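Nothing here was measured: the structure is a model prediction, and the numbers come from that model.
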Amino acid sequence: MYEITVNLPTKKIERIITHLYQKGYYQTFYEVPLDVVTDANGYAFVEKRDKTTELNIYINDYLEARERRQLVELLAIDESSLVVKEVDELNYQQTFDDIFLENGWVITTPDRKDHYDIEKLIVLDSQGNFGTGYHETTKDCLSFILQHDLTGLSIADIGAGSGVLSVAAALKGASTIDTYDIQPVEREILYQCELNRVKPVNVFQSDLIKNKNRINKKYDWIFLNIGTQENIDILNAQRLLDCQDTTFITSGMLEWNSQRVETLFENAGFQLKEKKQSNEWVTCLFKAK
């Protein structure tokens with residue numbers, strides 16, 4: 001396997017990532033530069049989208065002349081900017097360790113899926129979006145999702161990231177799944193659905209705080225795994241608390257501000273049915289009283 005690395009502005013990477021996929025470059029990875037700040041809402045991450053970052057492209061067969069010519073054209077860069085090296089495929093695949101969840105469920109990579117019971121398996125090949133399963137919020141959301149039978153239910157996964165929560169819902173029988181994210185995550189989410197052999201979900205890129213008319217349907221379950229203030233803003237902007245027949249999973253909240261979300265649901269007539277805390281991170285499941 002070969003790793004091709006180039007430094008590009010984050011904004012540029014976001015624009016061309018879909019074009020790379022269309023040309024057959026399916027395995028890409030980059031990290032958006034972030035500043036971590038704290039405020040009354042807890043932790044906040046500020047994207048430094050004007051900064052440059054490394055874009056890594058992985059391919060199995062490297063034909064130097066063809067790949068260089070094609071990538072120089074796609075990325076609109078000088079040929080000398082490309083750095084190519086051969087990597088050990090085994091080590092590459094083992095970048096992420098398997099994640100053992102509750103009730104026997106496992107998150108693993110495509111090359112290790114045959115090691116486990118397919119009935120309780122989530123296959124994840126993270127392309128860099130949030131939701132690898134390592135973070136406490138993702139694990140605790142999955143704990144709630146995987147213990148329920150969602151057969152025939154409709155799901156909204158807001159702040160979907162990699163789509164791992166949507167994949168889990170599909171594996172638990174959900175019939176309709178709509179994902180919403182402010183970032184362009186469609187390519188990755190559909191890829192994860194394909195890996196898990198589940199029906200492709202519907203992917204919508206939208207700012208649900210500013211775009212107040214985006215959601216115009218009711219769901220049986222709604223996942224909100226973003227952050228305390230963002231969760232509150234979306235709940236209010238989209239009038240989601242009017243949906244009294246909906247079960248909510250909210251996460252991304254911190255122990256010192258999660259009470260704000262709990263109070264909001266309580267005042268809207270919902271009951272806190274389950275609550276988990278892992279380190280400082282809090283995840284809640286609400287149902288109407």
Side-chain angles (χ1 to χ4, degrees), residues 1 3-6 8 10-34 45 47 49 53-60 71 74-75 92-99 106-113 121-135 137-139 141-142 145 155-171 174 176-208 223-226 230 251-252:
M1 173 172 285
E3 178 185 72
I4 302 171
T5 302
V6 61
L8 293 172
T10 304
K11 288 182 179 179
K12 184 175 182 179
I13 295 175
E14 292 173 352
R15 289 197 304 269
I16 57 88
I17 201 77
T18 301
H19 299 297
L20 287 168
Y21 184 80
Q22 291 171 344
K23 292 293 184 179
Y25 298 103
Y26 302 117
Q27 300 182 77
T28 61
F29 177 81
Y30 71 97
E31 292 185 352
V32 177
L34 298 173
F45 300 92
E47 291 188 4
R49 299 179 70 245
T53 190
E54 282 190 355
L55 170 64
N56 295 308
I57 304 167
Y58 298 92
I59 58 176
N60 290 321
L71 288 170
L74 281 171
L75 302 176
Y92 163 78
Q93 293 288 356
Q94 292 180 346
T95 301
F96 296 103
D97 293 329
D98 295 339
I99 301 167
V106 179
I107 299 177
T108 191
T109 54
D111 66 306
R112 296 200 294 275
K113 64 182 181 181
L121 187 65
I122 298 175
V123 181
L124 190 67
D125 185 3
S126 176
Q127 305 292 290
N129 281 311
F130 183 84
T132 60
Y134 282 96
H135 198 275
T137 60
T138 308
K139 287 182 180 179
C141 284
L142 287 170
I145 294 167
I155 308 292
D157 182 2
I158 299 175
S162 69
V164 63
L165 301 186
S166 292
V167 167
L171 291 171
T176 301
I177 302 173
D178 294 340
T179 66
Y180 300 86
D181 202 289
I182 198 170
Q183 300 293 339
V185 296
E186 181 175 19
R187 177 181 66 89
E188 174 164 359
I189 292 177
L190 295 182
Y191 174 51
Q192 308 302 348
C193 289
E194 181 182 347
L195 287 178
N196 288 275
R197 298 181 179 179
V198 296
K199 178 183 175 181
V201 304
N202 305 308
V203 183
F204 302 100
Q205 183 182 353
S206 179
D207 184 333
L208 294 182
F223 310 150
L224 263 170
N225 181 20
I226 307 176
E230 291 83 359
S251 193

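- Between L74 atom CG and I16 atom CD1 the span is 7.5 Å, to the nearest 0.5 Å.
- Of the possible polar contacts, none joining the D207 side chain to the I182 backbone as a donor-acceptor pair under 3.5 Å is found.
- For D181 against A160, the heavy-atom pair with the smallest separation is OD2-N, 3.1 Å.
- Using a 4.5 Å heavy-atom cutoff, the side chains of L171 and I122 are in contact.
- A donor-acceptor pair under 3.5 Å links the side-chain atoms of Q192 to the main chain of D125, judged by distance alone.
- Residues C193 and K199 share a closest heavy-atom pair of SG-O, 4.1 Å.
- Atom CZ of R197 is separated from atom CG of L121 by 11.0 Å, given to the nearest 0.5 angstrom.
- Side-chain contact of T179 with D157: a donor-acceptor pair under 3.5 Å is absent, judged by distance alone.
- Taking CG of L8 as the reference point, atom CD1 of I13 lies at 5.0 Å (rounded to 0.5 Å).
- Rounded to the nearest 0.5 Å, atoms CG (L208) and CD1 (I226) are 7.5 Å apart.
- When all heavy atoms are compared, the tightest approach of Q205 to Q183 is CG-O, 3.6 Å.
- The structure places NZ of K12 at 6.5 Å from CG of L75, a figure rounded to the nearest 0.5 Å.
- The two residues I189 and S162 have their closest heavy-atom pair at CG1-O, 3.6 Å.
- Taken from CD1 in I155 to CG in N202, the straight-line distance is 12.5 Å, to the nearest 0.5 Å.
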For this session: Given side-chain contact (heavy atoms from CB on, under 4.5 Å), test T28 with R187 step by step and report yes or no.
Result: CA-CA 11 Å; T28 61; R187 177 181 66 89; 3.3 Å; yes
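- Y180 pairs by the ring pair (Phe, Tyr, Trp, His ring centres under 6.0 Å) definition with F204, not counting sequence neighbours.
- In terms of heavy atoms, C141 sits closest to L165 at CB-CD2, 3.7 Å.
- Contact of the T108 side chain with the L124 side chain is not registered, since no non-hydrogen atoms from C-beta on lie closer than 4.5 Å.
- Summarising the geometry of H19 relative to R15, their closest heavy-atom pair is CD2-O, 3.5 Å, with the distance given to 0.1 Å.
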For this session: Take L142 and I107 through the test side-chain contact (heavy atoms from CB on, under 4.5 Å) and record every step on the way to the result.
Result: CA-CA 10 Å; L142 287 170; I107 299 177; 3.7 Å; yes
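- In this structure E54 satisfies the side chain to side chain contact (heavy atoms under 4.5 Å, CB included) test together with T5, N7, N56, sequence neighbours excluded.
- For the pair L20/L55, a side-chain contact is recorded, criterion being any heavy-atom separation below 4.5 Å from C-beta on.
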